[in-house]
Each structure stands twice: as C-alpha cells, then as structure tokens.
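Heads up: the structure comes next, in structure tokens.
Keep in mind that the numbers below use all heavy atoms, side chains included, and drop hydrogens, waters and symmetry copies. Only a predicted model underlies this, so the values are computations on that prediction, with no experimental measurement involved.
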Amino acid sequence: QVQLVESGGGSVQAGGSLRLSCAASGNTPRSNCMGWFRQAPGKEREGVASIYTGGGRTAYTDSVKGRFTISQDGAKNTMYLQMDGLKPEDTAMYYCAASISRTNSVCSLSKYVFVYWGQGTQVTVSS
C-alpha cells in the first residue's frame, strides 16, 4: 500500500505563488506516474500535471502551462508543484496521486491512470 500526504496549500492573492508537496510512504512503486489533480466545487476532478518518476517526463494541462512546474525528489520520495502567477480560477482542492510501476513514460492526466490518492490540500486564490 502507498500513502500520500499533501501539504503547502493556503490562501493567496492573484499573482502570488504556492508550492505544494506530496510525501509518499509505504510500498512506493519504482518508475511510476505521479500527478496533481484539482477539483473545484461542482466541477469534475481534472488533471493538472504529471511526472514519470523513472525519467522525469512531465505533462501539464493547457491552463497551467508556463505557470506551474512539477518536480520530484527521489531521495525524499516527495513530489512538488510550484504554482506561480496564480489566478482565482486555480482555486480548488488539490490532490496528489500515484500509479503502480510502469514502463510507459507517458503519464496522461486521466484520473484512471492513478490508483493511490492523497486527502487533498486546499488552494484559494482571491482577486
């Protein structure tokens, strides 16, 4: 089993920055996909960014390209999401997710790729 714990959420004004962290523990898979998802009230959960831990290949949803950066620290089993230039529409609960081990380095932003989920951390951006 894999446990994921997010941290780093909070409230900021538009244009501000936050860095989310996701600490993984337990039987953490090698060479898997990890990702960040978000869900605003009344909306579907959407994929924000993903990273293949076996090689660092990343993917982003169009609305965050150029503003958000996903990264990992393998030694710490921790994934990060640096969020700059935040907008009110970024307001949501942000979730960390992980897949099982895989050789395919293309990590889509579909929630069906991921089997382990954290409890979420709230991000609120005011205008």
Side-chain angles (χ1 to χ4, degrees):
Q1 191 67 303
V2 177
Q3 293 79 44
L4 302 173
V5 179
E6 305 96 334
S7 61
S11 297
V12 296
Q13 291 190 327
S17 298
L18 284 172
R19 188 175 84 153
L20 305 183
S21 298
C22 172
S25 62
N27 192 17
T28 54
R30 293 188 174 185
S31 299
N32 66 327
C33 293
M34 293 195 71
W36 289 98
F37 287 73
R38 66 186 180 187
Q39 188 167 17
K43 293 190 175 182
E44 294 286 322
R45 187 171 297 190
E46 67 164 339
V48 176
S50 67
I51 187 166
Y52 182 64
T53 63
R57 184 170 186 166
T58 60
Y60 298 90
T61 192
D62 286 345
S63 62
V64 308
K65 285 179 181 177
R67 300 189 298 123
F68 291 9
T69 304
I70 190 171
S71 62
Q72 60 169 336
D73 184 333
K76 296 182 178 179
N77 276 343
T78 301
M79 176 180 65
Y80 305 97
L81 186 67
Q82 178 67 41
M83 305 186 294
D84 299 317
L86 282 161
K87 304 176 181 180
E89 51 263 44
D90 295 318
T91 295
M93 184 71 79
Y94 283 70
Y95 298 90
C96 168
S99 75
I100 60 174
S101 295
R102 51 190 277 157
T103 56
N104 185 349
S105 65
V106 179
C107 298
S108 80
L109 296 176
S110 167
K111 62 184 179 182
Y112 299 108
V113 170
F114 301 88
V115 297
Y116 304 107
W117 294 86
Q119 294 300 305
T121 185
Q122 178 67 38
V123 171
T124 303
V125 185
S126 58
S127 57

Exercise. Hey, could you give me the CE/OG1 distance between Met93 and Thr124, rounded to the nearest 0.5 Å?
Key: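 The CE atom of Met93 sits 8.5 Å away from the OG1 atom of Thr124.
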Quiz prompt | Spatial distance of atom CE (Met34) from atom OG (Ser99) [nearest 0.5 Å] | solution =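 Spacing of CE (Met34) from OG (Ser99) equals 8.5 Å.
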Quiz item: Which residue pairs pass the salt bridge (charged side-chain N to carboxylate O under 4.0 Å, His left out) test when at least one of the two sits in residues 3-12, sequence neighbours left out?
Solution: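 Residue pairs with at least one partner in residues 3-12: there are none.
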What pair of heavy atoms forms the shortest contact from [X] to [Y], and how long is it?
X      : Y     : value
Gln3   : Gln1  : NE2-CG, 3.5 Å
Asn104 : Tyr52 : O-CE1, 3.6 Å
Cys96  : Met79 : SG-CE, 3.6 Å

Practice problem: Could you pull out all residues at least two apart from Val12 that satisfy side chain to side chain contact (heavy atoms under 4.5 Å, CB included)? | Solution: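 Counting only residues at least two positions away or on another chain, Val12 forms a side chain to side chain contact (heavy atoms under 4.5 Å, CB included) with Leu18, Leu86, Val125.
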Only distances under 3.5 Å count here; give the side-chain donor-acceptor pairs of residues 108-119 to other protein atoms, sequence neighbours excluded, each with its distance to 0.1 Å.
from, atom 1, to, atom 2, distance (Å)
Ser108, OG, Ser110, N, 3.3
Ser110, OG, Tyr112, N, 3.2

Exercise. Please collect all side-chain hydrogen bond (donor to acceptor under 3.5 Å, both in side chains) contacts where either partner lies in residues 7-19, sequence neighbours excluded, each pair once.
Key: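 Applying side-chain hydrogen bond (donor to acceptor under 3.5 Å, both in side chains) to every pair that reaches into residues 7-19, excluding sequence neighbours, yields Ser17-Asp84.
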Under 3.5 Å, which donor-acceptor pairs do the side chains of residues 55-64 form with other protein atoms, sequence neighbours left out?
from, atom 1, to, atom 2, distance (Å)
Tyr60, OH, Ile70, N, 2.9
Asp62, OD1, Lys65, NZ, 3.0
Ser63, OG, Arg38, NH2, 3.4

Show me the donor-acceptor pairs, under 3.5 Å and distance only, between side chains in residues 22-29 and residues at least two apart or in other chains.
none

Quiz item: Among all residues two or more places apart in sequence or in another chain, which pass the side chain to side chain donor-acceptor pair (under 3.5 Å) test with Arg67?
Solution: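 Partners of Arg67 under the side chain to side chain donor-acceptor pair (under 3.5 Å) test: Asp90.
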Exercise. Taking side chain to side chain donor-acceptor pair (under 3.5 Å) as the test, write out the residues that go with Thr53, two or more places apart.
Key: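 Scan of Thr53 (side chain to side chain donor-acceptor pair (under 3.5 Å), adjacent residues dropped) gives Asn32.
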Self-check item: Members sharing Val5's hydrophobic cluster (side chains within less than 4.5 Å)
Solution: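 The other cluster members (ILVMFWY side chains, heavy atoms under 4.5 Å, direct or chained): none.
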Quiz prompt | Qualifying disulfide bond (SG atoms under 2.5 Å apart) pairs, either residue in residues 30-82, two or more places apart | solution =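 Listed once each, the pairs are Cys33-Cys107.
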Quiz item: Is there any disulfide bond (SG atoms under 2.5 Å apart) pair reaching into residues 59-89, and which pairs are they, with sequence neighbours excluded?
Solution: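 Checked against disulfide bond (SG atoms under 2.5 Å apart) - neighbours excluded - no pair reaches residues 59-89.
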Quiz item: What residues form a salt bridge (Lys or Arg N to Asp or Glu O under 4.0 Å) with Glu89, not counting sequence neighbours?
Solution: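 Applying salt bridge (Lys or Arg N to Asp or Glu O under 4.0 Å) to Glu89 gives none.
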